[in-house]
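Side-chain atoms are counted along with the backbone in the values below, which use heavy atoms only and exclude waters and symmetry mates. Here the structure is a predicted model, which means the values were calculated and not measured.
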Amino acid sequence: MHIHTSAPAFATVIFPLALPKLYTYAIPPSLAEEVKVGIRVEVALKNKLYSALVAELHGPLKLEYTPKPIISVLDHTPIVTPFQIKTWIWLADYYCCTVGEVMNVAMPSGLKLESETKVVYNGNLDDHTQALTDDEYLVAEAVSIQNELTILQIQEILNKKTIFPVLRSLLDKEVISIKEELIEKFKPRTTLFMTLSEPYVSDRQAITSAFELLAKSEKQTNALLAFVQLTARKEASIAAAEVCQMAGVETSTLHSIAKKGICTLEKKVVSRVHSTVSGHGTENQHGMRGEKTVSGPSDALSRPQEVALEAIQQHFAAATPVLLHGVTGSGKTRIYAECIRDMMQQGKQSLYLLPG
């Protein structure tokens with residue numbers, strides 16, 4: 001990493017975002033002495049403000065574009081060392097992600113600010129009244145009244161573009177905190193299940209009266225008959241899709257049966273892991289035939305799968321990591337199986353992780 005010894009003119013920064021490249025900003029002469037590698041600076045990106053981390057300093061550069069200027073400096077001393085930045089870059093390369101994604105998980109939320117960041121009141125404004133500037137007091141009072149404000153709202157309150165230094169000071173004085181929100185990215189898979197109601201559960205002979213209630217509807221009768229046949233060899237609850245497929249009816253038919261008190265319909269969380277072997281599946285826009293589960297070892301790979309597997313083997317031979325990316329159903333699981341099979345034939349082990 002190159003660190004310019006004379007007054008730097010440009011700085012390359014890292015955003016805590018999944019950006020494909022790093023961006024370079026101009027350093028105003030008034031900030032030249034303050035900008036250092038490892039400190040945070042306030043910069044604009046696509047009409048939003050962010051606290052980005054300085055990764056590299058440069059002297060005069062010939063750029064194909066006119067870089068935006070750094071708005072303000074947020075730290076007096078570096079909060080990240082050059083070695084840490086170098087480690088982030090290595091991690092990003094090794095795990096096939098962006099440096100911004102590594103930064104996002106490596107740095108505490110209080111050190112990452114952007115226009116949509118939410119701040120909350122800590123409840124100790126009175127303890128710091130004398131030590132606050134006018135801007136700091138105005139922000140602290142507004143947050144104490146509203147309990148929660150975005151940085152964009154605080155900009156409007158102060159009627160100033162540069163507010164990150166004010167927020168940094170309030171954070172240091174523990175008057176405010178950054179609100180952390182847990183974003184649940186994984187959604188459990190749910191399936192609609194059909195279960196008999198009482199008295200039909202306790203007294204299976206009473207099912208005859210249930211059929212009598214459905215005598216006027218052939219579809220409903222067929223659906224209940226399918227359910228009874230399926231429960232003869234399975235659990236008391238059957239996936240509605242199985243019942244509908246066997247009876248040749250729609251889910252609405254099952255709801256009609258439920259309205260008559262014969263059964264209940266309930267969504268339950270089911271595992272995404274299947275033990276059955278499926279066929280070839282459907283073909284997507286990439287030409288790769290997908291599968292619902294792991295294909296059998298005798299199935300021939302499609303040409304796109306062969307190309308992907310060959311590329312992966314080349315990466316493995318060079319001891320470099322590789323990321324296989326493809327839409328759902330594009331046949332990735334089959335490629336994983338082939339890679340695992342290769343490792344087993346070499347007497348090696350594989351660890352396969354997936355959401356449960």
Side-chain angles (χ1 to χ4, degrees), residues 1-2 12-24 45-46 53 55-56 64-65 83-107 183-189 271-356:
M1 181 177 298
H2 176 68
T12 299
V13 302
I14 306 172
F15 288 88
L17 305 169
L19 300 175
K21 63 178 181 179
L22 303 185
Y23 289 84
T24 298
L45 179 67
K46 294 183 178 180
L53 192 79
E56 192 170 354
E64 297 179 354
Y65 59 93
F83 178 76
Q84 286 175 302
I85 296 175
K86 185 178 180 181
T87 302
W88 291 358
I89 295 172
W90 178 85
L91 285 170
D93 179 66
Y94 185 83
Y95 288 104
C96 304
C97 64
T98 65
V99 182
E101 289 173 295
V102 177
M103 173 187 172
N104 191 40
V105 297
M107 290 182 62
I183 301 176
E184 187 61 63
K185 295 184 178 180
F186 172 76
K187 293 183 179 180
R189 179 183 175 186
S271 174
R272 294 179 181 270
V273 183
H274 301 273
S275 59
T276 57
V277 178
S278 69
H280 291 129
T282 58
E283 190 169 317
N284 61 24
Q285 65 268 33
H286 295 284
M288 293 180 67
R289 298 186 66 83
E291 68 286 336
K292 295 180 181 179
T293 55
V294 179
S295 301
S298 61
D299 297 339
L301 293 175
S302 66
R303 182 53 189 163
Q305 287 176 321
E306 291 177 351
V307 172
L309 183 59
E310 291 172 2
I312 291 172
Q313 290 171 339
Q314 292 175 4
H315 279 279
F316 285 175
T320 57
V322 58
L323 171 66
L324 177 62
H325 176 74
V327 298
T328 301
S330 60
K332 301 185 299 298
T333 304
R334 176 63 199 283
I335 298 175
Y336 302 154
E338 289 296 327
C339 291
I340 293 173
R341 185 178 293 109
D342 289 344
M343 292 298 106
M344 292 176 64
Q345 290 176 348
Q346 298 175 39
K348 298 180 180 180
Q349 293 181 327
S350 299
L351 177 62
Y352 182 49
L353 303 177
L354 71 166

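With T320 contributing its side chain and H315 its backbone, the two residues share a donor-acceptor pair below 3.5 Å. Q305 contributes a side-chain N or O that, together with a main-chain N or O of G331, makes up a donor-acceptor pair within less than 3.5 Å.
In this structure, I312 CD1 and I335 CD1 are separated by 5.5 Å, a value rounded to the nearest 0.5 Å. Between the CH2 atom of W88 and the CG atom of L53 there is a distance of 5.0 Å, given to the nearest 0.5 Å. Atom CH2 of W90 sits about 6.0 Å away from atom OH of Y95, to the nearest 0.5 Å.
Closest approach of M103 and F15 over heavy atoms only: SD-C, 3.8 Å. Contact record, L19 with T98: O-CG2, 3.3 Å, taken as the closest heavy-atom pair. L309 approaches C339 most closely through the heavy-atom pair CD1-SG, 3.7 Å. Residues Q349 and M343 come closest through the heavy atom pair O-CB, 4.5 Å. A55 and I85 make their closest contact through CA-CD1, 4.0 Å (heavy atoms, listed as atom of the first residue, atom of the second, distance).
No more than 12 heavy-atom neighbours from other residues, nucleotides or ligands sit within 6.0 angstrom of CE on M344. Annotation: Q346, atom CD; neighbour count of heavy atoms from other residues, nucleotides and ligands within 6.0 Å is above 12.
Partners of Q345 by side chain to side chain contact (heavy atoms under 4.5 Å, CB included), not counting sequence neighbours, listed by chain and number: R341, D342. Under the side-chain hydrogen bond (donor to acceptor under 3.5 Å, both in side chains) criterion, Q314 pairs with no residue at all, not counting sequence neighbours. Residues passing the side chain to side chain contact (heavy atoms under 4.5 Å, CB included) test with T12 are L22, T24, E56, H58, sequence neighbours excluded.
For the pair V102/Y94, no side-chain contact is recorded, criterion being any heavy-atom separation below 4.5 Å from C-beta on.
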